Undergrad: 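Before anything else, here's the structure in question.
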Amino acid sequence: MNPEQPLGSVIHGSLTDGLEVRLHPDVSVEEMRVGKFLVIRGTRSLFFCLMTDVSLGTASDRILANPPQPEDDFMQAVLAGGSTYGTIALSPMLMLTPQEAPSGWSPQTLLKTETSRNNGLASYQANTDSQMELLPVKTIPSHFSQVYEASERDFRAVFGWEDDPHRRNFAIGKPLDMDVPVCIDLDRFVERSNGVFGKSGTGKSFLTRLLLCGIIRKQAAVNLIFDMHSEYGWEAPSEGKQYSTVKGLRQLFPGEVTIYTLDPDSTRRRGIRDAQELFLGYDQIEVEDISLVARELNLSEASIENAYILQGEFGSSWIKDLLEMTNEDIQMFCDEKRGNKSSIMALQRKLMRLERLKYIKPRCPKNYVAQILASLDAGKHIVIEFGSHSDMLSYMLAANIITRRIHRAYVEKSEQFLQTKNPLDRPRQLVITIEEAHRFLDPATVRQTIFGTIAREMRKYFVTLFVVDQRPSGIDNEVMSQIGTRITALLNDDKDIEAIFTGVSGGQNLRSVLAKLDSKQQALILGHAVPMPVVVRTRPYDQTFYREISPTAAWEDLDPETLLQQAEAAKADLGF
């Protein structure tokens, strides 16, 4: 389709329910796709819209009562465009309006002006005598305003371009029917908690790796990644008929990413030789950490209450002392401290499961959490692999213990920065990535976990969450409303789809868009890091991406002879 040829005319609609557009006779309804990005040229403003529905209409019900025969091509052609026609539903998202329109100005005269390829929104500003800016939609175009295919210039005006020197933009994908990058603003992305959602098999891990690579490449924040299935650190299997692997963050950014492992044997079996071991001691486990995994340990509320009594008496060594207590010791303790013997004995019996976790030690030779914190302060990105400890008890316990200590340190650093106002005291922005997020953020436990606190505090202490989940309906509504940017692959469950639009204005109009995504390499992006919702074909995570994102990957793909030739050419250029 020609971007300069109108597709249809606005015939009906409202600001709340969206606009109805009748397609022109020469435009086939089969060319329209839900999620398409279109532009309406009004009398005074340009309206950037998302297509949310496609439908068929007729001028008279008599046509439906007596439709033409399937082989009667002539009659079908006569009716097409006049008596039968296609309509599309548009949801206006942004509008571009001059603050003071010059005499004779209109969107039509603006768009006829030649503009350069890479100047984005500045191209609109440079070709008018008044300042213009993208604003939320507060009105609608008039009747019979023309609808056009979005051009590359329109996409750049709204989403910017990756090489913008003034913003940390990252190309996450391309529109469904165009070859132009759609960028997200990484500075806005990391300043709030975010989420990648989608049912199993839709590519959530690939999307997450793309975004983490962008954050590292653009230096927007430091990352702490709890890698439950060992997919982000070194390499991960790729789906397909033939077995293959894709590179992890450590391969792409060897000098910037450090891998810690809770299961050194598993890590060595996978060929990772420079991962650092990570152990946690009983003295680092608090009752709040145990409370988070009460369901996995089958602990009652009475056991948790008695755990607080034990912690108050023995301090940080409460678990070690409890596991060493005999029945007589427990009885004496209950007599003195008014504890409940049966609850304490049940707590002792169930905490013995911790002895089977390889990364839990009675005493640790050094403070590994402090070591991780020092690496984060130095700008290193940390991936914590769980290896064979991929059960929910191991994952939730370790993630909660480590995050609580790091968040506590960040609160202290933030308070110091607020006092001194010294830029050198400002903590580095930290993004914590967790999988199976609904286990940490469900309504029953969200107020007891550090992850719920981080999600609600947003950027107050320079720590945000990056949640990856296939069940967004299991996440507390208050937390979901605080998720700044949502990148959502295909979801089938109505409750999950409804949860995605919690706290989103006009979310009902986007439900059909989300429900019609392909099962692979398509996602709906909406929220804080993009000016308006958009459907994209996500960027392929392949050799081309490696070369674009990582300086080292370009050399790894060359054969030894080519490397030797390049080295000889470099010597000649330097005069050797």
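All figures in this text were calculated on a predicted structure; none of them were measured in a lab.
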Undergrad: Would you mind checking if R408 and E286 are paired as a salt bridge, meaning a charged N to carboxylate O distance below 4.0 Å?
TA: yes

Undergrad: Is there a side chain to side chain contact (heavy atoms under 4.5 Å, CB included) between L249 and I225 once you walk through the steps?
TA: CA-CA 11 Å; L249 302 178; I225 304 152; 3.5 Å; yes

Undergrad: Show the numbers, then the answer: is there a side chain to side chain donor-acceptor pair (under 3.5 Å) between D391 and S394?
TA: CA-CA 6 Å; D391 60 286; S394 301; 2.9 Å; yes

Undergrad: So does E162 pair up with R167, basic N to acidic O under 4.0 Å?
TA: no

Undergrad: Report yes if some heavy atom in the side chain of I432 is under 4.5 Å from a heavy atom in the side chain of T464; otherwise report no.
TA: no

Undergrad: List the steps, then state whether side chain to side chain contact (heavy atoms under 4.5 Å, CB included) holds for V383 with L224.
TA: CA-CA 6 Å; V383 179; L224 173 61; over 6 Å; no

Undergrad: Do L376 and I382 come within less than 4.5 Å of each other through their side chains, counting heavy atoms only?
TA: yes

Undergrad: Looking only at heavy atoms, which two atoms of I304 and A294 are closest? And how far apart?
TA: CD1-CB, 4.5 Å

Undergrad: Any side-chain heavy-atom pair from T488 and I497 closer than 4.5 angstrom?
TA: no

Undergrad: Quick test of your reading of the model: are R404 and D289 salt-bridged, counting only N-O distances below 4.0 Å?
TA: yes

Undergrad: Any heavy-atom pair between the side chains of L357 and L397 that's under 4.5 Å?
TA: yes

Undergrad: Using atom types as modelled and distance alone, determine if a side-chain donor or acceptor of K218 lies under 3.5 Å from a backbone N or O of N169.
TA: yes

Undergrad: When you compare the side chain of K337 with that of E313, does any pair of heavy atoms fall below 4.5 Å?
TA: yes

Undergrad: Which value, rounded to the nearest 0.5 Å, describes the distance between N194 atom CG and Q482 atom CD?
TA: 12.0 Å

Undergrad: Would a distance-only check, ignoring hydrogens and angles, find a side-chain to backbone donor-acceptor pair under 3.5 Å from K204 to G198?
TA: yes

Undergrad: Without swapping roles, check the side chain of R426 against the backbone of N422 for a donor-acceptor pair under 3.5 Å.
TA: no

Undergrad: Got a salt bridge between R471 and D493, using NZ or NE/NH1/NH2 to carboxylate O under 4.0 Å?
TA: no

Undergrad: Please report the C-alpha distance between D329 and T326 in whole Å, then the side-chain angles of each, then the deciding distance to 0.1 Å, and finally whether the side chain to side chain donor-acceptor pair (under 3.5 Å) criterion is met.
TA: CA-CA 5 Å; D329 295 333; T326 63; 3.1 Å; yes

Undergrad: List the atom of D263, the atom of K358, and the distance in Å for their closest heavy-atom pair.
TA: OD1-NZ, 3.8 Å

Undergrad: Roughly how far apart are L354 CG and I290 CD1, rounded to 0.5 Å?
TA: 5.0 Å

Undergrad: Below 4.5 Å, heavy atoms only, C-beta onward: do L252 and C213 meet side chain to side chain?
TA: yes

Undergrad: Would the distance check show the side chain of D469 and the main-chain N or O of H438 forming a donor-acceptor pair, the cut-off being under 3.5 Å?
TA: yes

Undergrad: Strictly under 6.0 Å, is that where the ring centroids of Y395 and F440 end up?
TA: yes

Undergrad: Looking only at heavy atoms, which two atoms of S193 and A455 are closest? And how far apart?
TA: OG-CA, 3.9 Å

Undergrad: Between T485 (side chain only) and A529 (backbone N and O only), is there a donor and an acceptor less than 3.5 Å apart?
TA: yes

Undergrad: Do you know the tightest heavy-atom contact between G233 and D227?
TA: N-OD2, 3.4 Å

Undergrad: Would F279 and Y260 count as a close aromatic pair, with their ring centres under 6.0 Å?
TA: no

Undergrad: Side-chain contact, heavy-atom cut-off 4.5 Å: K247 with Y546?
TA: yes

Undergrad: Any donor and acceptor pair, going by atom type alone, linking the side chain of K350 with main-chain N or O of N298 inside 3.5 Å?
TA: yes

Undergrad: When you measure from the side chain of K413 to the backbone N and O of F462, does any donor-acceptor pair fall under 3.5 Å?
TA: no

Undergrad: Assess the residue pair T261 and I272 against the criterion (side chain to side chain contact (heavy atoms under 4.5 Å, CB included)); give the C-alpha distance rounded to whole Å, side-chain angles, the decisive distance to 0.1 Å, and a yes or no.
TA: CA-CA 10 Å; T261 176; I272 307 173; over 6 Å; no

Undergrad: Are any of the side-chain nitrogens in D274 or R250 under 4.0 Å away from the carboxylate oxygens of its partner?
TA: yes

Undergrad: Do side-chain atoms of Q521 reach the backbone of T538 as a donor and acceptor pair under 3.5 angstrom?
TA: yes

Undergrad: Decide whether a cation-pi geometry holds between R217 and F253; the criteria are a distance under 6.0 Å from NZ or CZ to the six-membered ring centre and an angle within 45° of the ring axis.
TA: no

Undergrad: Give a yes or no on this: more than 12 heavy atoms of other residues, nucleotides or ligands lie within 6.0 Å of atom CE of M332.
TA: no

Undergrad: Closer than 3.5 angstrom, by distance alone: can the side chain of E412 be matched with the main-chain N or O of A409 as a donor-acceptor pair?
TA: no

Undergrad: For S317 and D283, does a side-chain donor sit closer than 3.5 Å to a side-chain acceptor?
TA: no

Undergrad: Show the numbers, then the answer: is there a salt bridge (charged side-chain N to carboxylate O under 4.0 Å, His left out) between R209 and E231?
TA: CA-CA 9 Å; R209 271 192 293 269; E231 296 179 304; 5.4 Å; no

Undergrad: Work out which heavy atom in Q429 is nearest to a heavy atom in A220; give both atom names and the distance.
TA: CB-O, 4.2 Å

Undergrad: Quick one about Q331 and N327 (side-chain donor to acceptor, distance below 3.5 Å, no hydrogens or angles considered), yes or no?
TA: no

Undergrad: Do the charged groups of D442 and R439 touch, with an N to O distance under 4.0 Å?
TA: no

Undergrad: Please assess Y410 against F417 for the test ring-ring contact (aromatic ring centres under 6.0 Å, His included), listing each intermediate value before the final yes or no.
TA: CA-CA 10 Å; Y410 260 77; F417 170 65; over 10 Å; no

Undergrad: Could you tell me whether the side chains of T208 and S205 share a donor-acceptor contact shorter than 3.5 Å?
TA: no

Undergrad: If you round to the nearest 0.5 Å, how far is CG of L299 from CD of E305?
TA: 12.0 Å

Undergrad: Any ion pair linking E256 and K380 (charged N to carboxylate O, less than 4.0 Å)?
TA: no

Undergrad: Can a donor-acceptor pair be found, under 3.5 Å and without considering hydrogens, that links the side chain of N306 to the backbone of N340?
TA: yes

Undergrad: Looking only at heavy atoms, what is the nearest atom pair of L50 and P533, with distance?
TA: CD1-O, 3.9 Å

Undergrad: Side chain to side chain contact (heavy atoms under 4.5 Å, CB included) between V467 and F197: does it pass, once the steps are laid out?
TA: CA-CA 8 Å; V467 301; F197 305 104; 4.0 Å; yes

Undergrad: Using distance alone, with no hydrogens and no angle criterion, decide if N400 and T403 have a side-chain donor and acceptor under 3.5 Å apart.
TA: no

Undergrad: In terms of side-chain geometry, is the basic nitrogen of E296 or R353 positioned less than 4.0 Å from the acidic oxygen of its partner?
TA: no

Undergrad: Under a plain distance cut-off of 3.5 Å, with no hydrogens placed, do Q276 and Q371 share a side-chain donor-acceptor pair?
TA: yes

Undergrad: Who pairs with F189 by ring-ring contact (aromatic ring centres under 6.0 Å, His included), at least two apart in sequence or on another chain?
TA: F466

Undergrad: Got more than 12 heavy atoms from elsewhere within 6.0 Å of NZ, K341?
TA: yes

Undergrad: Where do H528 and E191 land on the side chain to side chain donor-acceptor pair (under 3.5 Å) test, with the steps shown first?
TA: CA-CA 9 Å; H528 190 61; E191 72 182 8; 2.6 Å; yes

Undergrad: Indicate yes or no: at least one non-hydrogen side-chain atom of I172 is less than 4.5 angstrom from one of C183.
TA: no

Undergrad: Could you give the distance from CD1 (I475) to CD1 (I500), rounded to the nearest 0.5 Å?
TA: 8.0 Å

Undergrad: Take atom CD in Q219; do more than 12 heavy atoms of anything else shown fall under 6.0 Å from it?
TA: no

